[in-house]
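Beneath this line is the structure, given in structure tokens, with notes to follow.
Because only heavy atoms are used, hydrogens play no part in the values below, and waters and symmetry mates are left out as well, while side chains stay in.
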Amino acid sequence: MAQLTATPASALIDEPVHIRATGLPPFQIVLLRASLEDEKGNLFHSQAYYKASEVGEVDLERDPSLGGDYVGVHPMGLFWSLKPEKLLTKLSKRDVMNSPLLVQIKLYDSNLLLTHIATTAPKVSLTLERWFRAPGVKRIQVREGRLRGALFLPPGEGRFPGVIDLFGGLGGLIEFWACLLATHGFVALALAYFNYEDLPPQPEKTELEYFEEAVNFLLRYPKVLGPGIGVVSISRGAGIGLSMAIHLKQVTATVLINRPNFVPSIPQVYRGQVSQLLAFSPQLLSINALGLAELQHTFEEARREASETSFLPIEKAQGHFLFIVGEDDKNLNSKASAEQATEQLRRYGKNNWTLLSYPGEGHLLEPPYSPLCCASEASSLCLFMRWGGEVIPHAAAQEHSWKEIQKFLRKHLVPVVTSQL
């Protein structure tokens with residue numbers, strides 16, 4: 001009798017799972033199918049064909065997929081190759097504390113037509129839990145003065161390095177990165193900065209004093225180690241993260257994921273000084289055959305003609321930077337921006353940076369084993385955006401970069417204790 005096992009059956013979202021099928025006829029070809037339903041009721045599916053061994057086993061850590069959503073040996077391929085049933089839909093997970101993502105794995109005979117799957121019972125199935133939080137992680141709603149967000153605390157006693165998490169252009173309060181950081185030993189503040197509660201839907205300017213208040217709030221918190229804090233930021237949030245590192249000496253470690261080294265659209269203001277905007281060239285917007293907009297060239301003309309004063313003065317930052325670049329980013333030429341920023345640092349004799357550039361990675365970098373979202377609606381722009389990314393290299397980039405993010409933050413936020421002889 002066919003059996004399907006997955007170890008562990010309940011795991012963190014960034015934890016690999018070992019999937020095996022046993023009790024199959026020798027050399028039989030079977031179809032493995034994964035599916036999940038997100039909080040909005042959107043369905044996601046993936047499938048791959050495998051051939052059983054001479055003893056009737058399929059082991060995803062050893063055996064290659066023969067076809068389907070991916071080919072080759074990819075133990076977590078069923079997870080990162082999940083695709084939305086409704087096109088241009090991004091997987092959504094807002095409640096990271098109280099419920100996991102539930103992933104069903106089902107095994108079918110290979111001769112089953114995919115059109116009949118919905119009405120056909122699998123030979124065997126199981127359900128996996130994928131959590132963003134470890135047991136003991138706590139969430140505290142933040143409404144401190146004008147600050148709005150959620151603070152995540154790791155389990156255990158003592159003090160921990162503090163990190164502010166800034167998401168991109170979706171707005172609202174996005175918590176999954178902060179929750180996952182707390183799971184791995186950081187006090188993490190998911191900070192909303194527009195389109196949440198009483199924050200403006202689309203601010204006319206970005207006041208950096210708001211983010212300075214967040215830094216001071218975090219450093220005052222009893223469980224935060226100090227004296228510096230980190231920032232993990234992506235897309236629009238990374239533009240703010242870069243300015244925080246420049247103006248706030250308490251920011252000592254900054255992760256910048258796919259963001260320019262200039263202010264693209266909304267002016268940034270700090271203590272009365274307004275950052276200069278780089279000109280946007282709408283005529284360089286590209287809309288492909290599927291109606292998806294690509295923005296990566298819209299600032300290139302202005303970049304080529306701009307002087308150094310048009311770019312953020314990154315050389316003034318006292319802390320360290322980790323640039324993470326998707327070379328297939330269709331929203332921004334993030335590789336050129338990161339290379340220009342690191343060259344600017346080099347000209348000023350700075351070596352306080354690391355650049356990780358990933359071929360095939362798109363704009364939307366998420367936790368390991370998350371499915372690639374290569375296109376979705378950007379409601380604030382009234383466009384359907386192509387974010388870019390190739391499934392397999394993007395998955396590899398998510399897995400590698402997450403480990404590097406954690407190592408970088410610990411290196412620059414946790415003091416090195418030397419023994420006294």
Does a side-chain heavy-atom distance below 4.5 Å link [X] with [Y]?
X: N261; Y: S337; answer: yes
X: L409; Y: V163; answer: yes
X: K40; Y: T89; answer: no
X: F299; Y: P260; answer: no
X: V263; Y: L277; answer: yes
X: R139; Y: R133; answer: no
X: P359; Y: E390; answer: no
X: V17; Y: L60; answer: no

For the student: nearest non-hydrogen atoms of [X] and [Y], plus distance:
X: Q202; Y: I266; answer: OE1-CD1, 4.3 Å
X: P267; Y: V274; answer: CB-CG1, 4.0 Å
X: L322; Y: I405; answer: CD2-CA, 4.0 Å
X: L166; Y: M244; answer: CD1-SD, 3.7 Å
X: L180; Y: P367; answer: CD2-CB, 3.8 Å
X: L173; Y: A190; answer: CD1-O, 3.3 Å

- request: Check each of L181, L189, V96, V187 against F152 using the side-chain contact (heavy atoms from CB on, under 4.5 Å) test, and report the only one that passes.
  value: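 For F152, the side-chain contact (heavy atoms from CB on, under 4.5 Å) check succeeds only for V96.
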- prompt: Only one of H400, E361, E404 clears side-chain contact (heavy atoms from CB on, under 4.5 Å) with I324; which?
  reply: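 Only match with I324 under side-chain contact (heavy atoms from CB on, under 4.5 Å): E361.
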field: Check against side chain to side chain contact (heavy atoms under 4.5 Å, CB included), Q296 and K335
entry: CA-CA 10 Å; Q296 79 265 41; K335 183 179 182 182; over 6 Å; no
[atom2] on [Y] to [atom1] on [X], rounded to 0.5 Å:
X: L43; Y: K86; atom1: CG; atom2: NZ; value: 11.5 Å
X: Q406; Y: S401; atom1: CD; atom2: OG; value: 10.0 Å
X: K316; Y: L345; atom1: NZ; atom2: CG; value: 13.5 Å
X: L151; Y: I140; atom1: CG; atom2: CD1; value: 5.5 Å
X: F384; Y: L292; atom1: CZ; atom2: CG; value: 8.5 Å
X: L101; Y: L36; atom1: CG; atom2: CG; value: 6.0 Å

Is the number of heavy atoms from other residues, nucleotides or ligands within 6.0 Å of [atom1] ([X]) greater than 12?
X: N351; atom1: CG; result: no
X: Q273; atom1: CD; result: no
X: Q3; atom1: CD; result: no
X: E343; atom1: CD; result: yes

message: In this structure, is the centre-to-centre distance between the rings of F176 and F167 below 6.0 Å?
response: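 Centroid separation for F167 and F176: below 6.0 Å.
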- prompt: Relative to Y193, does R236 satisfy both conditions: NZ or CZ under 6.0 angstrom from the six-membered ring centre, and within 45 degrees of the ring's axis?
  reply: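 No cation-pi geometry.
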Verify the distance criterion only: is there a donor paired with an acceptor across the side chains of [X] and [Y] at less than 3.5 Å?
X: S334; Y: D329; value: yes
X: H297; Y: S286; value: no
X: D69; Y: H45; value: no

Between [X] (side chain only) and [Y] (backbone N and O only), is there a donor and an acceptor less than 3.5 Å apart?
X: Q398; Y: S370; answer: yes
X: E39; Y: D95; answer: yes
X: H394; Y: G362; answer: yes
X: R130; Y: E15; answer: yes
X: R146; Y: R143; answer: no
X: E209; Y: R271; answer: yes
X: T120; Y: I117; answer: no
X: T298; Y: L285; answer: no
X: D328; Y: G389; answer: yes
X: N258; Y: H363; answer: yes

query: Hey, mind stepping through L208 and I240 against side chain to side chain contact (heavy atoms under 4.5 Å, CB included) and telling me if it holds?
result: CA-CA 8 Å; L208 290 177; I240 297 168; 4.2 Å; yes
- request: Can you tell me which residue pairs pass the ring pair (Phe, Tyr, Trp, His ring centres under 6.0 Å) test with a partner in residues 77-96, sequence neighbours excluded?
  value: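 As it turns out, the ring pair (Phe, Tyr, Trp, His ring centres under 6.0 Å) pairs with a partner in residues 77-96, which skip direct neighbours, are Y70-W80, H74-W80.
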- prompt: Step by step, would you call N42 with S92 a side chain to side chain contact (heavy atoms under 4.5 Å, CB included)?
  reply: CA-CA 9 Å; N42 297 310; S92 175; 5.6 Å; no
query: Quick one: which of R347, K350, Q344 gives a side chain to side chain donor-acceptor pair (under 3.5 Å) with E315?
result: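 Going through R347, K350, Q344 one by one, the side chain to side chain donor-acceptor pair (under 3.5 Å) with E315 is satisfied by Q344 alone.
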message: With side chain to side chain contact (heavy atoms under 4.5 Å, CB included) as the criterion, how do S310 and R303 come out once you've worked through the C-alpha distance, each side chain's angles and the decisive distance to 0.1 Å?
response: CA-CA 8 Å; S310 300; R303 181 208 299 279; over 6 Å; no
field: Steps toward side chain to side chain donor-acceptor pair (under 3.5 Å) verdict (Q268, T206)
entry: CA-CA 5 Å; Q268 293 183 359; T206 299; 5.5 Å; no
E366/K90 salt bridge by N-O under 4.0 Å criterion: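 Salt bridge: yes.
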